[in-house]
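First listed ligand is number 1; within each ligand, the first listed atom is number 1.
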Amino acid sequence: MSRFLGVSLKMYLDHRSTLRWIADVAAIADEQSAVADGTVQLAVLPSFVSLQAAARITAGTRLELGAQDLSWADSGAFTGEVSGRDLAALGCRYVEVGHAERRRLFGEDAVIIAGKLAAAQRNGLTPILCVGEEERVDEEEAADFCLDQIAGALGDLDGELPELIIAYEPVWAIGADRPAGADHVRAVCRRLRAELADDHRPQQVRVIYGGSAGPGLLAQLGDAVDGLFLGRFAHDPQQLRQVIIEASAS
Ligand SMILES: O=C(CO)COP(=O)(O)O
């Protein structure tokens, strides 16, 4: 199974900086043989307003595209929402569902997240489902918490989902100085993988880590994770290049 590196730009970069960053990273992606041969998959999730221009830049490159959110509805009277149908038509392959910031700042609960996951499935988008405990607790409690979040999100799923990415992001490690400890991350991700192996609705599940991730982390996590979900520490394309090289080596 190939490794997955995703970068959510959140709302950090303005439109122009986003497009410049995407052009730089698309060039880096094309020069890395592991990305060219599919051993490492690389995706960027810019804000909605940049998606169309981003799709033009990434067309014909190995840099894939995703969105940071979607509506649980596909069309209709939903002011301000963005449908999975449009995201797919624009060329997105991935969509983030249930990021900690959406849960905490925008009131997304288990019902909304399950609806969004179902919308992703309906529209042929691969969900990047974000889960993670809010406070520092031990690995067993953290994994239990994440498994509850996953069960809630997959609850409404009808039929098969070709591909699911679980982004394990402990809330306390997002926006921090450093990622969660490697032992903790390894233990939680192993347990998530083991429990998900019994759920046959997603045909392929990958578990990645996010939360102050950057260069040097993959070597510590080893094969307990299938990749990383990056934020601030990928804003410098050269830092991301380093992470790609590390993902290619592991
Ligand atoms: O939330 C994250 C990715 O979705 C992580 O963000 P940071 O790496 O900036 O902490």
Between Arg232 and ligand 1, is there a nitrogen or oxygen pair with a distance under 3.5 Å? yes
Is the closest side-chain heavy-atom distance between Glu139 and Arg191 below 4.5 Å? no
Please confirm whether Phe233 approaches ligand 1 to less than 4.0 Å, judged on its heavy atoms. no
With heavy-atom distances below 4.0 Å as the criterion, list the atoms of ligand 1 near Phe229. 4 (O)
Is any N or O atom of Glu169, backbone or side chain, closer than 3.5 Å to an N or O atom of ligand 1? yes
When distances are taken from atom 10 (O) of ligand 1, the protein heavy atom at minimum range is Gly175 N, 2.7 Å
Which protein heavy atom lies closest to atom 6 (O) of ligand 1, and at what distance to 0.1 Å? Lys10 NZ, 3.3 Å
Donor on one side chain, acceptor on other, Glu246 and Gln242, under 3.5 Å: yes
Are a donor atom and an acceptor atom from the side chains of Trp72 and Glu81 found within less than 3.5 Å of each other? no
More than 12 heavy atoms from other groups under 6.0 Å of CD on Gln204: yes
Does Asp158 have more than 12 heavy atoms from other residues, nucleotides or ligands lying within 6.0 Å of its CG? no
Near His99, which atoms of ligand 1 are under 4.0 Å from a heavy atom of that residue? 1 (O), 2 (C), 4 (O)
Could you say whether the N/O atoms of Gly211 and ligand 1 ever approach to under 3.5 Å? no
Check whether more than 12 heavy atoms from other residues, nucleotides or ligands sit under 6.0 Å from atom CZ of Arg201, and answer yes or no. yes
Counting non-hydrogen protein atoms only, what is the nearest one to atom 8 (O) of ligand 1? Give residue, atom name and distance. Ser212 N, 3.0 Å
Is the closest N or O pair between Tyr12 and ligand 1 shorter than 3.5 Å? no
In Arg190, Arg3, Arg193, the residue satisfying salt bridge (charged side-chain N to carboxylate O under 4.0 Å, His left out) with Asp226 is Arg193
